[in-house]
Q: 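Handing you this structure, nothing more for now.
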Amino acid sequence: MSPTLRESCGVFGVFTPHEDVARIAFYGLYALQHRGQESAGIASANGRHLYVKTGMGLVSQVFDEDDLSALPGHMAIGHNRYSTTGSSGLENAQPCLIGVADNTLALGHNGNIVNAEVLRSDLEEQGIEFSTGTDSEVIAQTLATAPGTWEERWSHMMRRLIGAYSLVVLTTEELMAARDPMGNRPLCLGKLDGGWVVASETCALDHIGATFVRELEPGEVIRITEDGVESFQAAEPKSAFCIFEYVYFARPDSVIGGKLIYPVRMKLGAQLAREHPVDADIVIGVPDSATAAAVGYSQESGIPFVEGLVKNRYVGRTFIEPDQRIREMGVQLKYNPLPELLEGRRVVLVDDSIVRATTTPPVVAMLRKAGAKEVHMRITFPPITSPCFFGIDFGTRWELIAGRLNEVEEIRQYIDADSLGYISVDGLIEAVGEPKDKSCLACFTGDYPVPVPLQMDKLALEPAGGGDRREFVRLESVPSLSRRP
Ligand code: 5GP
Ligand code: MG
């Protein structure tokens, strides 16, 4: 299986005084679909049992009315998955469910753990059996098998885990949520109808009519029960928020760090216009992620913004995408240029990032074929030279075009643009407005906020033979105990 290009996952949790919250979880996940399209899952609990259903594909492909009715209870968690650790089969879909002693626990994870393999072998030595290849199951088992109160368990877990994790956890009695000490991935708390919601991004709160309360702090755990929300700091914070969330991942209508993403991206575009001006007739953005930046470039430069590329929004975000062959074909399936707008024009083409440079060259070629006279590529993220170990699947250094080629000029030739300009690191920091020492910039500086292995194999946690790729869904109330005697 080829490595994929995308970060892993959106997470959601809801606790209300009312029954029937699976539907709320469904709409929460629906709003977070951009964070993962490979599989989706919801676990619910009613005080006595946990129920879970997971399936391959989009949230709307996985769940129908009957499924939601079969997920009873007043609390639920949900997950959208895009694989970074583990392959893309159903066995790796989340929430992952484990049984320990007479407790069961469901967990959804966004991020990536660096030392999952070591933790896993330690647990296996203690007789714990694993049923998936994900680091999420390693997290769940580490948490579930730790001794003591929940506070002690979480502290124990956070002392052991190295990496990024925004988590939602459901037991039969409570909903918990946590952010790793770096706070590398987003997670926020909202209020809904006498209850509570947690979500990767605020856009999920908006769609279900919840009000934003606050972001979880790095290293913070919250427990939501009938008595309300309880919070504790399970580990010392060491902030390193992923700056790529601002540039690409988060939805433009989400608020992170008190800032609405869309205007942040406009500022990125404006910064780029100041750093890399060019004589041109029109500015276009690669939709949808670079639209705001293109508008910003246009406003700053005075060159009109035009939608020269139309994106088919119903293509390309399905669970078949991780296949490299489909990804290559995907460019044509995904974008269509507007020749009348492009004919004879000098075009500034704004995009948020160049990663492997599989998408960019065919997009440039497509514009030329549609009549563009010149194509000046402008990128709102610095050259990505180092892999991400925290949940974004940038692959190895050798898969990254800026990891392979040292000079911007070489990359310009590779993508066949008339000019190429990347935003500067300082320009990026300035436009995003987050302190450098509280951000993770590793993918373009090579400076990781926590120790990382030299090379991590995405499939290292897979069972021999790659596991069994079953295309069916699981719907069950889970019995206890998954330990060997
Ligand atoms: P490339 O030319 O590197 O193959 O692709 C660059 C394009 O991929 C840009 O349009 C950018 O918005 C998009 N992109 C950046 N990061 C990711 C990612 O993690 N997943 C996906 N699917 N696209 C990404
Ligand atoms: Mg894009």
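Both ligands and their constituent atoms are indexed starting at 1 by order of listing.
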Q: Does a side-chain N-to-carboxylate-O contact under 4.0 Å join Lys373 and Asp281?
A: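 No, no charged N to carboxylate O under 4.0 Å.
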Q: Between Glu430 and Arg274, does at least one N-O distance fall below 4.0 Å, as a salt bridge requires?
A: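 A salt bridge is absent here (no side-chain N lies under 4.0 Å from a carboxylate O).
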Q: Please determine if Arg120 and Glu137 form a salt bridge, counting it only when a charged side-chain N lies under 4.0 Å from a carboxylate O.
A: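 Answer for the salt bridge query: no.
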Q: Which of the numbered atoms in ligand 1 are below 4.0 angstrom from a heavy atom of Arg356?
A: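 The atoms of ligand 1 under 4.0 Å from a heavy atom of Arg356 are 3 (O).
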Q: Classify the ring geometry between Phe244 and Tyr248 as parallel (under 30°), tilted (30 to 60°) or perpendicular (over 60°).
A: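 Phe244 vs Tyr248 ring planes: parallel.
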Q: Within the 4.0 Å heavy-atom shell around Val355, which atoms of ligand 1 are there?
A: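 Contacts of ligand 1 toward Val355, numbered from 1: 1 (P), 3 (O), 15 (C), 16 (N).
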Q: State plainly whether the residues Asp426 and Lys436 are in salt-bridge range, i.e. N to O under 4.0 Å.
A: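 Salt bridge between Asp426 and Lys436, a charged N being under 4.0 Å from a carboxylate O: yes.
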Q: For atom 15 (C) of ligand 1, tell me which residue out of Ser353, Ser289, Pro362 has the closest non-hydrogen atom.
A: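 That would be Ser353.
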Q: Checking contacts here: is it the side chain or the backbone of Phe244 that comes within 4.0 Å of ligand 1, counting heavy atoms only? Could be both or neither.
A: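 Within the 4.0 Å criterion, Phe244 contacts ligand 1 through side-chain atoms alone.
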Q: Which is closest to atom 4 (O) of ligand 1 in terms of heavy atoms, Asp352, Val286, Thr358?
A: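 Checking each option, the heavy atom nearest atom 4 (O) of ligand 1 is found in Thr358.
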Q: If we check side-chain hydrogen bond (donor to acceptor under 3.5 Å, both in side chains) with Ser419, which of these qualifies: Glu374, Arg378, Arg412, Glu409?
A: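 Between Ser419 and the candidates, side-chain hydrogen bond (donor to acceptor under 3.5 Å, both in side chains) is satisfied uniquely by Arg378.
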Q: Before signing off on this row, confirm whether Tyr335 and ligand 1 have an N or O atom pair separated by under 3.5 Å.
A: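 In this structure, Tyr335 places no N or O atom under 3.5 Å from an N or O of ligand 1.
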Q: With heavy-atom distances below 4.0 Å as the criterion, list the atoms of ligand 1 near Phe249.
A: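 So the atoms of ligand 1 that pass are 19 (O).
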Q: Any salt bridge linking Arg313 with Asp288? Criterion: basic side-chain nitrogen under 4.0 Å from a carboxylate oxygen.
A: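 A salt bridge links Arg313 with Asp288.
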Q: With a cut-off of 2.8 Å, does Tyr248 put an N/O/S atom close enough to the Mg ion (ligand 2)?
A: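 Here the distance criterion (N, O or S atom, under 2.8 Å) is not met by Tyr248, so no.
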Q: For Ala357, is at least one N or O under 3.5 Å away from an N or O on ligand 1?
A: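 For ligand 1, there is an N or O atom that lies under 3.5 Å from one belonging to Ala357.
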Q: Show me which atoms of ligand 1 lie under 4.0 Å from any heavy atom of Ile354.
A: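 Counting atoms of ligand 1 from 1, those under 4.0 Å from Ile354 are 3 (O).
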